[in-house]
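Side-chain atoms are counted along with the backbone in the values below, which use heavy atoms only and exclude waters and symmetry mates.
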Amino acid sequence: MSIFTYKNLYQAYLDCRKNKRKTINALKFELDFERNLRILLRDLVEKKYRPGRSICFAVDEPSLREIFAADFRDRIVHHLLVREINNFFERRFIFDSFACRKGKGTHKSVKRLQEFVRSTRKTNCYYGQFDIKSFFMSIDHKILYDILEKNLRKGKEKGSFKKSREKLEEILWLAKTIIFHRANENYSTKGDLELLAKIPPHKSLLRQNLPKGLPIGNYSSQFFANLYLNELDQFVKRTLKCKKYVRYVDDFIILGKNSEELKVLRNIVDDFLQEKLSLNLNFNKCKIQPIKNGIDFLGYFVKTDRIHTRRKVIKRYKNKLYRIAIGLEKTNMRSLLSMVHSYAGHFKHAR
């Protein structure tokens with residue numbers, strides 16, 4: 001059974017266009033989508049498919065980042081791949097990984113952290129908050145592909161792909177094509193070029209010469225990031241036996257009895273990341289503090305009895321409204337309401 005069927009590709013196309021239908025690339029593709037899908041299907045079946053040109057630009061909200069947006073045609077392929085393997089890996093991911101997963105998200109992550117914090121109310125426990133240095137730019141292509149292949153082939157031995165060797169080999173070929181694609185070798189730029197130039201070298205795919213780095217902005221990159229750090233999740237939960245652990249992308253928190261215990265765990269985790277995943281903790285952003293001080297996490301400030309919105313988020317909201325009010329930032333009513341509702345959705349989860 002092949003994954004390269006018109007039915008599968010059409011469903012991936014429908015998934016892809018949900019949030020990208022008004023982009024120029026999506027509109028061009030839709031003008032003759034049946035023909036375009038059949039050409040794409042032929043390229044996949046004959047294994048002639050190669051990712052196309054990306055669009056590179058910078059955003060400064062909520063922080064300065066470099067974005068590589070894949071062509072709409074390539075986004076369909078990303079959805080096709082993730083649809084085929086997502087359920088397989090979902091059963092292997094831990095419960096307390098909350099980024100880019102159905103039924104998870106920032107709010108569930110913060111609520112889970114508060115559950116852990118409340119369980120320590122009667123003790124003077126500490127938390128360790130850790131961040132991985134230049135995470136997306138440091139993901140090693142070979143290590144990532146080896147993790148994916150190892151898990152899928154093990155799944156074949158256990159029966160997941162036992163009936164279709166063809167399907168497994170197609171998945172591995174497509175994953176390899178996407179993972180090893182160097183987006184920084186075929187791209188065009190748009191937007192504020194001065195802002196793009198401000199991206200630090202260690203956070204830029206444009207300045208990455210090694211076979212490392214995933215383009216921020218691709219659906220497949222979100223999935224691959226979870227797959228990559230699932231190795232860390234399993235190590236922390238299974239080997240180190242840390243019960244109170246929450247991760248959102250590369251920002252993770254471990255609750256412990258005291259600061260010394262967490263310092264030891266920090267060093268063990270850093271050694272694991274270097275040895276197994278070619279990553280490093282950003283010690284400048286790592287924090288080990290008493291839980292009673294509160295935890296700054298994903299735009300919220302979590303305490304044992306309540307959750308507050310970060311002052312920084314409120315300040316950003318007020319500044320946006322002020323810039324619109326005095327005419328420094330142009331918008332329309334639809335965009336304004338969308339922004340207001342977005343912040344209101346964030347605020348309603350806190351006091």
S.K.: Tell me, with the steps shown, if K244 and T120 meet side chain to side chain donor-acceptor pair (under 3.5 Å).
M.R.: CA-CA 10 Å; K244 297 179 174 65; T120 67; over 6 Å; no
S.K.: Can you tell me if E170 uses its side chain to pair, donor with acceptor, with the backbone of I3 under 3.5 Å?
M.R.: yes
S.K.: Assess, by modelled atom type and distance only, whether the side chains of D233 and Y245 contain a donor and an acceptor separated by less than 3.5 Å.
M.R.: yes
S.K.: Would you say the side chain of L277 lies within less than 4.5 Å of the side chain of I143, judging by non-hydrogen atoms?
M.R.: yes
S.K.: Please answer: with hydrophobic residues joined when any side-chain heavy atoms are less than 4.5 Å apart, are L41 and L14 in the same cluster?
M.R.: yes
S.K.: Check whether the side chains of K47 and T177 place a donor and an acceptor atom closer than 3.5 Å, and report yes or no.
M.R.: no
S.K.: Got a donor-acceptor contact below 3.5 angstrom from the S134 side chain to the M137 backbone?
M.R.: no
S.K.: Counting only N and O atoms by type, is there a donor-acceptor contact under 3.5 Å from the side chain of D43 to the main-chain atoms of K48?
M.R.: no
S.K.: Report yes or no: do H346 and Y300 form a side-chain donor-acceptor pair below 3.5 Å?
M.R.: yes
S.K.: How are the rings of Y13 and F72 set to each other: parallel, tilted or perpendicular (split at 30° and 60°)?
M.R.: perpendicular
S.K.: Classify the ring geometry of F98 against F95: parallel below 30°, tilted from 30° to 60°, perpendicular beyond 60°.
M.R.: perpendicular
S.K.: Taking R50's backbone N and O only, do any of them form a donor-acceptor pair with H181's side chain (distance below 3.5 Å, no angle check)?
M.R.: no
S.K.: Between atom NZ of K303 and atom CZ of R118, what is the distance when rounded to the nearest 0.5 Å?
M.R.: 13.5 Å
S.K.: Tell me, do D15 and Q11 make a side-chain contact under 4.5 Å, heavy atoms counted?
M.R.: yes
S.K.: Would I288 and F283 show up in the same hydrophobic cluster when neighbours are defined by side-chain heavy atoms closer than 4.5 Å?
M.R.: yes
S.K.: Side chain to side chain donor-acceptor pair (under 3.5 Å) for N226 and Q222? Distances and angles first, verdict last.
M.R.: CA-CA 7 Å; N226 268 340; Q222 298 171 2; over 6 Å; no
S.K.: Looking at F116, is its backbone amide N or carbonyl O close enough to the side chain of S119 to form a donor-acceptor pair, meaning the two atoms are under 3.5 Å apart?
M.R.: yes
S.K.: If I take atom CG from residue L81 and atom CG from residue L44, how far apart are they, to the nearest 0.5 angstrom?
M.R.: 10.5 Å
S.K.: Using every non-hydrogen atom in the two residues, find where A183 and Y187 come nearest and quote the distance to one decimal.
M.R.: O-CB, 3.8 Å
S.K.: Validate the cation-pi geometry between R38 and Y6: distance from NZ or CZ to the six-membered ring centre under 6.0 Å, angle to the ring axis within 45°.
M.R.: yes
S.K.: Take atom CD in E46; do more than 12 heavy atoms of anything else shown fall under 6.0 Å from it?
M.R.: yes
S.K.: What's the spacing between I254 CD1 and L240 CG if we round to 0.5 Å?
M.R.: 7.0 Å
S.K.: Could you check whether any side-chain heavy atom of N218 comes within less than 4.5 Å of a side-chain heavy atom of F68, counting everything from C-beta outward?
M.R.: no
S.K.: Do L273 and N280 make a side-chain contact, defined as non-hydrogen atoms from C-beta onward lying under 4.5 Å apart?
M.R.: no
S.K.: For the residue pair A225 and I139, what are the closest heavy atoms and their distance?
M.R.: CA-CD1, 4.4 Å
S.K.: So, does K241 use its side chain to make a donor-acceptor pair with the main chain of R238 at under 3.5 Å?
M.R.: yes
S.K.: One thing to verify: whether K203 and E66 come together as a salt bridge, which I'm taking to mean a side-chain N less than 4.0 angstrom from a carboxylate O.
M.R.: no
S.K.: Please check if atom CG in D305 has more than 12 non-hydrogen atoms from other residues, nucleotides or ligands closer than 6.0 Å.
M.R.: yes
S.K.: Does any N or O in the side chain of S97 come within less than 3.5 Å of the main-chain N or O of I94, such that one atom is a donor and the other an acceptor?
M.R.: no
S.K.: Going hydrophobic residue to hydrophobic residue with side-chain gaps under 4.5 angstrom, can you get from V110 over to V313?
M.R.: no
S.K.: Considering only NZ, NE, NH1 and NH2 on the basic side and carboxylate oxygens on the acidic side, decide whether E115 and R112 come within less than 4.0 Å.
M.R.: yes
S.K.: Would you confirm whether N36, through its side chain, and F29, through its main-chain N or O, come within 3.5 Å as a donor-acceptor pair?
M.R.: yes
S.K.: Just jot down the salt bridge (charged side-chain N to carboxylate O under 4.0 Å, His left out) partners of E166, sequence neighbours excluded, or say none.
M.R.: none
S.K.: What is the distance from atom NZ of K287 to atom CG of D131, rounded to the nearest 0.5 Å?
M.R.: 10.5 Å
S.K.: Only pairs at least two apart or in different chains count here, so list each salt bridge (charged side-chain N to carboxylate O under 4.0 Å, His left out) that has a residue in residues 253-263.
M.R.: E260-K263
S.K.: Compare every heavy atom of Y127 with every heavy atom of G294, then report the nearest pair and how far apart it is.
M.R.: O-OH, 3.5 Å
S.K.: Could you report the tightest heavy-atom contact between R75 and A69, atom names first, then the distance?
M.R.: NH2-CB, 3.5 Å
S.K.: Where the side chain of D74 meets the backbone of G52, is there a donor-acceptor pair that is under 3.5 Å apart?
M.R.: yes
S.K.: From the options K150, R247, K276, select the one residue that forms a salt bridge (Lys or Arg N to Asp or Glu O under 4.0 Å) with E231.
M.R.: K150
S.K.: Can R266 and D270 be counted as an ion pair, charged N to O under 4.0 angstrom?
M.R.: no
S.K.: Just to verify, what does D296 make a side chain to side chain donor-acceptor pair (under 3.5 Å) with, not counting sequence neighbours?
M.R.: R310
S.K.: Going by the angle between their ring planes, with limits at 30° and 60°, are F130 and F252 parallel, tilted or perpendicular?
M.R.: tilted
S.K.: Do K102 and E90 meet the salt-bridge criterion of a basic N to acidic O distance under 4.0 Å?
M.R.: no
S.K.: Could you tell me whether the side chain of R83 reaches within less than 4.5 Å of the side chain of H78, counting heavy atoms only?
M.R.: no
S.K.: Go through it in stages, so that I can follow the logic: the residues are L9 and F4, the test is side-chain contact (heavy atoms from CB on, under 4.5 Å), and I'd like the CA-CA distance, side-chain angles, deciding distance and then a yes or no.
M.R.: CA-CA 7 Å; L9 202 58; F4 301 141; over 6 Å; no
S.K.: Measure across K237 and D96 and return the closest heavy-atom pair with its distance rounded to 0.1 Å.
M.R.: NZ-OD2, 3.6 Å
S.K.: Is I179 reachable from L168 through a run of I, L, V, M, F, W or Y residues, each pair having side-chain heavy atoms under 4.5 Å apart?
M.R.: yes
S.K.: Count I, L, V, M, F, W, Y as connected when their side-chain heavy atoms are under 4.5 Å apart, and connections chain through other members. Are F301 and L113 then in the same cluster?
M.R.: no
S.K.: Look only at the side chain of K133 and the backbone of L279, and say whether a donor-acceptor pair between them is shorter than 3.5 Å.
M.R.: no
S.K.: When you compare the side chain of C56 with that of L196, does any pair of heavy atoms fall below 4.5 Å?
M.R.: yes
S.K.: Measure the CG-OH distance between L148 and Y145 for me, rounded to the nearest 0.5 Å.
M.R.: 7.5 Å
S.K.: Write down the atom of G217, the atom of I67, and the distance for their closest heavy-atom approach.
M.R.: CA-CG2, 4.3 Å
S.K.: Tell me, do N184 and R207 make a side-chain contact under 4.5 Å, heavy atoms counted?
M.R.: no
S.K.: Measuring from C286:SG to L262:CG, what's the distance to the nearest 0.5 Å?
M.R.: 11.0 Å
S.K.: With heavy-atom distances below 4.5 Å as the criterion, would you say the side chains of Y49 and R73 are in contact?
M.R.: yes
S.K.: Quick check: are there more than 12 heavy atoms from other residues, nucleotides or ligands sitting under 6.0 Å from NZ of K108?
M.R.: no
S.K.: Between R17 and E30, does any side-chain N to carboxylate O distance fall below 4.0 Å?
M.R.: yes
